[in-house]
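First comes the structure, then the notes that go with it.
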Amino acid sequence: MPTLYGTELTSRLFLGTAQYPSPKILADAVEASGAEVVTVSVRRETGGHLAGQEFWRLIRQLGVRVLPNTAGCFSVKEAVTTARMARELFGTDWIKLEVVADEDTLAPDVFGLVDAADKLVAEGFKVFPYTTEDVGVAERLVEAGCEVLMPWGAPIGTGRGLANPAGLKTLRARFPDLPLVVDAGIGLSSHAAEAMELGYDAVLLNTAVAKAGDPVKMARAFARSIEAGRLAYEAEPMEPRDMAAPSTPMLGRAVFE
């Protein structure tokens with residue numbers, strides 16, 4: 001099971017908490033998923049609002065670990081300030097770091113991301129950077145002190161699945177011992193299984209569950225697919241072949257004259 005910043009988890013599914021039809025459905029979906037970590041947008045949930053206080057009470061009742069995020073931050077200064085607010089509000093050094101480059105794609109600003117990660121690590125934060133599958137950027141984030149990387153599968157909320165499986169596979173090979181979590185773009189349980197089959201340690205998703213017709217059933221589906229994908233990876237799957245290979249031995253087949 002994954003160990004992130006010294007914390008061992010029993011679930012490989014991280015779940016977002018936005019866009020659910022109701023607090024009860026959110027709570028039921030988290031329970032059905034078996035997730036031990038949920039992400040919370042600091043911009044959306046603030047301690048000074050009644051809604052934020054009710055939300056925080058719900059999260060405490062679920063008994064899960066909170067991973068606050070800096071979603072919606074377009075500058076290093078904004079992301080660092082938001083992370084500091086999150087630590088005060090939620091009482092955790094864990095932070096999912098987002099520095100967004102573009103409003104249309106919500107792609108990570110990789111230059112700002114490295115800068116912000118460097119600053120936050122120096123302040124004692126345990127940074128979970130939302131990044132791309134670029135190996136060079138990953139190297140810089142690790143050098144900055146990040147002990148976990150969260151490369152995107154596809155742009156946030158698109159549900160397209162793994163847009164660059166080859167790139168994700170290369171990243172996994174470059175960092176065989178570093179916890180890697182596929183974050184964003186997952187739409188189907190099969191997408192999550194594919195990520196796990198590549199050897200990733202966990203998957204973080206939100207919209208695919210929250211916007212499903214039945215979020216609770218979808219959360220359960222993702223939990224099972226992630227388990228299946230991980231088992232397949234650990235079983236060491238066969239390598240693809242260019243030519244057919246008979247599964248039944250040719251020796252001893254009937255010969256007709």
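Bear in mind the structure is a predicted one, so any value in this text is a computation, not a measurement.
- No side-chain heavy atom of N206 sits less than 4.5 Å from a side-chain heavy atom of T17.
- At a threshold of 4.5 Å between side-chain heavy atoms, the hydrophobic network of Ile, Leu, Val, Met, Phe, Trp and Tyr places L188 and I226 in two separate groups.
- Within the 3.5 Å criterion, the main-chain N or O of C73 finds no donor-acceptor partner in the side chain of T70.
- Summarising the geometry of A212 relative to P215, their closest heavy-atom pair is O-CD, 3.5 Å, with the distance given to 0.1 Å.
- Among residues two or more places apart in sequence or in another chain, the salt bridge (Lys or Arg N to Asp or Glu O under 4.0 Å) test is passed with D115 by K119.
- Interatomic distance, L120 CG to T82 OG1, rounded to the nearest 0.5 Å: 10.0 Å.
- Looking at every heavy atom in both residues, Y130 comes nearest to L113 through O-CD2, 3.3 Å.
- Under a 4.0 Å N-O distance rule, the pair R84/E123 qualifies as a salt bridge.
- Aromatic ring pairs are classed by plane angle as parallel below 30°, tilted from 30° to 60° and perpendicular above 60°; the pair F128 and W94 is tilted.
- Enclosure of atom OH in Y5 by more than 12 non-hydrogen atoms of other residues, nucleotides or ligands within 6.0 angstrom is indicated.
- Every residue two or more places apart in sequence or in another chain was checked for a salt bridge (Lys or Arg N to Asp or Glu O under 4.0 Å) with D134, and none qualifies.
- Among all heavy-atom pairs drawn from A223 and L13, the shortest one is N-CD2, 4.2 Å.
- Partners of R220 by salt bridge (Lys or Arg N to Asp or Glu O under 4.0 Å), not counting sequence neighbours: none found.
- Annotation: E234, atom CD; neighbour count of heavy atoms from other residues, nucleotides and ligands within 6.0 Å is above 12.
- Looking at V209 and L15, their side chains come closer than 4.5 Å, going by heavy atoms from C-beta outward.
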May I have the step-by-step check of side-chain contact (heavy atoms from CB on, under 4.5 Å) for V100 and D109, ending in yes or no? CA-CA 5 Å; V100 182; D109 172 0; over 6 Å; no
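- Hydrophobic clustering (side-chain heavy atoms under 4.5 Å, transitive across Ile, Leu, Val, Met, Phe, Trp, Tyr) groups M85 together with V127.
- Heavy atoms only, all atoms of each residue included: S11 and G34 are closest at CB-O, 3.2 Å.
- For E197, the CD atom is densely surrounded, since the number of other residues' heavy atoms within 6.0 Å is greater than 12.
- No donor-acceptor pair closer than 3.5 Å links the side chain of Y20 to the backbone N or O of K211.
- The shortest distance between side-chain heavy atoms of P108 and W152 falls below 4.5 Å.
- Residues F14 and L9 have side chains in contact (heavy-atom distance under 4.5 Å, counting atoms from C-beta outward).
- You'll find the side chain of L180 reaches within 4.5 Å of the side chain of R172, heavy atoms only.
- Taken to the nearest 0.5 Å, the CG atom of L67 stands 7.5 Å off from the OG1 atom of T92.
- Ion pairing between a basic and an acidic side chain is recognised when a charged N comes within 4.0 Å of a carboxylate O; E98 and K96 show such pairing.
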Residues 139-148 side chain polar contacts: donor-acceptor under 3.5 Å, at least two apart:
unit_1: E139; atom_1: OE2; unit_2: R174; atom_2: NH1; d: 3.1

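- When hydrophobic clusters are built by joining Ile, Leu, Val, Met, Phe, Trp and Tyr residues whose side-chain heavy atoms come closer than 4.5 Å, directly or via intermediates, Y233 is not grouped with L198.
- A donor-acceptor pair under 3.5 Å is formed between the side chain of T81 and the backbone N or O of K77.
- In this structure, the side chains of F74 and V99 stay at 4.5 Å or more apart for every pair of heavy atoms.
- Under a 3.5 Å cut-off, the side chain of Y200 and the backbone N or O of L168 do form a donor-acceptor pair.
- Residues L162 and P165 approach most closely at O-CD, 3.4 Å, considering heavy atoms.
- Contacts of D102 classified as salt bridge (Lys or Arg N to Asp or Glu O under 4.0 Å), with partners at least two apart in sequence or in another chain: none.
- Residue V203 comes nearest to A195 through the heavy atom pair CG2-CB, 4.0 Å, listed as atom of the first residue, atom of the second, then distance.
- Considering only heavy atoms from C-beta on, V38 comes within 4.5 Å of V30 through its side chain.
- A donor-acceptor contact shorter than 3.5 Å is absent between the side chain of R57 and the backbone of R60.
- Of the possible donor and acceptor atoms, none in the side chain of N164 sits under 3.5 Å from a partner among the backbone N and O of G153.
- Between the D183 side chain and the P151 main chain, no donor and acceptor come within less than 3.5 Å of each other.
- Between the side chain of R12 and the backbone N or O of D201 there is at least one donor-acceptor pair closer than 3.5 Å.
- A side-chain donor from one of E36 and T10 sits under 3.5 Å from a side-chain acceptor of the other.
- Panel note: side chain R65, backbone V37; no donor-acceptor pair is recorded below 3.5 Å.
- The cluster map of Ile, Leu, Val, Met, Phe, Trp and Tyr, joined by side-chain heavy atoms under 4.5 Å apart, puts F111 and M150 in the same cluster.
- Within the structure, salt bridge (charged side-chain N to carboxylate O under 4.0 Å, His left out) pairs that include any residue of residues 151-170 do not occur (at least two apart or interchain).
- Expressed to the nearest 0.5 Å, how far OG of S189 lies from CD of E194 amounts to 12.0 Å.
- Within the 4.5 Å cutoff, no side-chain heavy atoms of I156 are placed close to those of T158.
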Run the numbers on I95 and R87 for side-chain contact (heavy atoms from CB on, under 4.5 Å), then give the verdict. CA-CA 8 Å; I95 190 73; R87 179 157 61 182; over 6 Å; no
